[in-house]
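Note that these values count all heavy atoms, side chains included, but never hydrogens, waters or copies made by symmetry. Fair warning: this is a prediction, and the values are worked out from it, not measured in the lab. Proteins get letters first, then strands, A, B, ... in listed order; numbering begins at 1 in each.
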Amino acid sequence: VSGSTRALTREAVWEALAEVPDPEIPVVSVVDLGLVHTVELDGERLRVELLPTFVGCPALELIRASVAERLAGMAPVVEVEMTFAVPWTSDRITAEGRRKLRESGFAPPGPAASGAARPLFATIGMRPTASCPWCGSADTTLENLFGPTLCRTVFWCNRCRQPFEQFKAI
Amino acid sequence: MSAQVLEAPSRSALAGLLLAMADDEFVLGYWDSEWTGIAPVLEEDVAFASLAQDEIGHAQALYQLLADLEGGDPDELAYGRAPEGYRHARLLDHPRTDWAFSVARRFLYDTADAARLDALAASAYQPLAGVVAKMRREEAYHLLHMHAWVERLANGGQEPRARLVAAMERLWPDALCVLDGIEGDELLAEAGVLAEPMAAVRRRWLAGLAPELARLGLPGPPAARAGACRGPGRSDDFRWLWEQFTMVRRSEPEAVW
């Protein structure tokens, strides 16, 4: 009986969350992307709040369901919800997440904080920049602000002559 | 601030604001999606599909806020009304027309929407402030993109420039409606839901836009708009779009998705 009564720890929950891949870029987990806002463990109730990367991301329900499925059974009551309590920003992607993105050919996003504080109109002349994840060159050209999913931008590397995608700084 | 703190008139004004913003984003998203497959270049197919997806996502979040405030079902709000029940700005009653027209419409809308989102960034109504914080980060990309296109067409030779100028002249009176037609906006400003009344947001928008229009030699706003800004009278073009985006739901209203 002693084994089954062992208390669930927050560490065990975070370890389980780290096993849940992002459905669109499966090399990174929901923890790598910084999607986990809170983990609350209160007696029999485990509650996890997740932050949506993009408001209209079609994978949100899939992510929520995947997390709920992975945590099911870890506590008698498991709740997984999305929240807009704080905005998810690409600055939340962990160092480990950035390494994994780069290794799979995605340029990690640059700093995102600039857009939040000043008037939106003041951002109008900004252009994203990226270093090539293949050869490291900064000699790259923005091809399209919008890529195959909402969170990606398309670049061209002028040195190794390869297209690549960047996770949007947002 | 929670909804309970708001006095009844402010609460009703908040509901009106949420519906107007949600309908703006929703209808624009459907017009954007009309370009999928037929945009001038492949990159624009992808870009406009992304823009459409963002806007419909924003609408979904705003309809949800309205449902949380007033009760009801977000899908019913989005798809269950007659055309006269929508409260989007008259700017969005126009069809996509040609590329310059869609670019001009989006640029005018995105810049006006940016001024509106700035005025809501520190909203005392927390649920709205949370969604707006997220929307602002996404809308920055829309602004960049449409600004790049306006610049390209304005400096792109005789025909692109002529088409862009004609579109802006036609759209300006209706563009003023994006920051108008919200009843009780002064109450919302007093309650801290909105930083300032819509007339002040509109002035800030026009002041921000003026140097850019002057730089590119593009037409500015007329002295006044004409007519009602947010319905109930609607164009045949919007009725056609409504037929399109409600088609599946009307064919099987009881279906569970």
Show the nearest heavy-atom pair for residues [X] and [Y], with the distance to one decimal.
{"X": "B/Glu43", "Y": "A/Glu143", "result": "CG-O, 4.3 Å"}
{"X": "B/Val46", "Y": "A/Phe146", "result": "CG1-O, 3.6 Å"}
{"X": "A/Trp88", "Y": "B/Arg137", "result": "O-CD, 4.1 Å"}
{"X": "A/Val55", "Y": "B/Lys134", "result": "CG2-CG, 3.5 Å"}

task: Identify which part of B/Ile56 has an atom lying under 4.5 Å from any heavy atom of chain A, answering side chain, backbone, both or neither.
output: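 When you check distances to chain A, no heavy atom of B/Ile56 falls under 4.5 Å.
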Turns out that what part of B/Ala115 lies under 4.5 Å from chain A's heavy atoms comes down to neither
Residue, of B/His147, B/His145, B/Glu138, B/Glu139, that accumulates the most heavy atom pairs under 4.5 Å with chain A: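 Option with the top pair count is B/Glu138.
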message = Would you compute the distance between atom OG of B/Ser50 and atom CZ of A/Arg152 and round it to the nearest 0.5 angstrom?
response =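 Here the rounded value is 10.5 Å.
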d(B/His58 NE2, A/Phe54 CZ) to nearest 0.5 Å is 8.5 Å
Can you tell me which of A/Pro128, A/Pro58, A/Cys57 forms the most heavy-atom pairs within a distance under 4.5 Å of chain B?
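It is A/Pro58.
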Checked A/Thr53, A/Thr153, A/Leu51 vs chain B; the most non-hydrogen pairs under 4.5 Å come from A/Thr53
Within a 6.0 Å radius of atom [atom1] on [X], are there more than 12 heavy atoms belonging to other residues, nucleotides or ligands?
{"X": "A/Glu61", "atom1": "CD", "value": "yes"}
{"X": "A/Arg161", "atom1": "CZ", "value": "no"}
{"X": "A/Glu79", "atom1": "CD", "value": "yes"}

- request: Tell me, please, which residues at least two apart from B/Trp31 pass ring-ring contact (aromatic ring centres under 6.0 Å, His included).
  value: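 Expected list: none.
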With side chains defined as the heavy atoms from C-beta onward, is the minimum distance between B/Asp54 and A/Leu150 less than 4.5 Å? yes
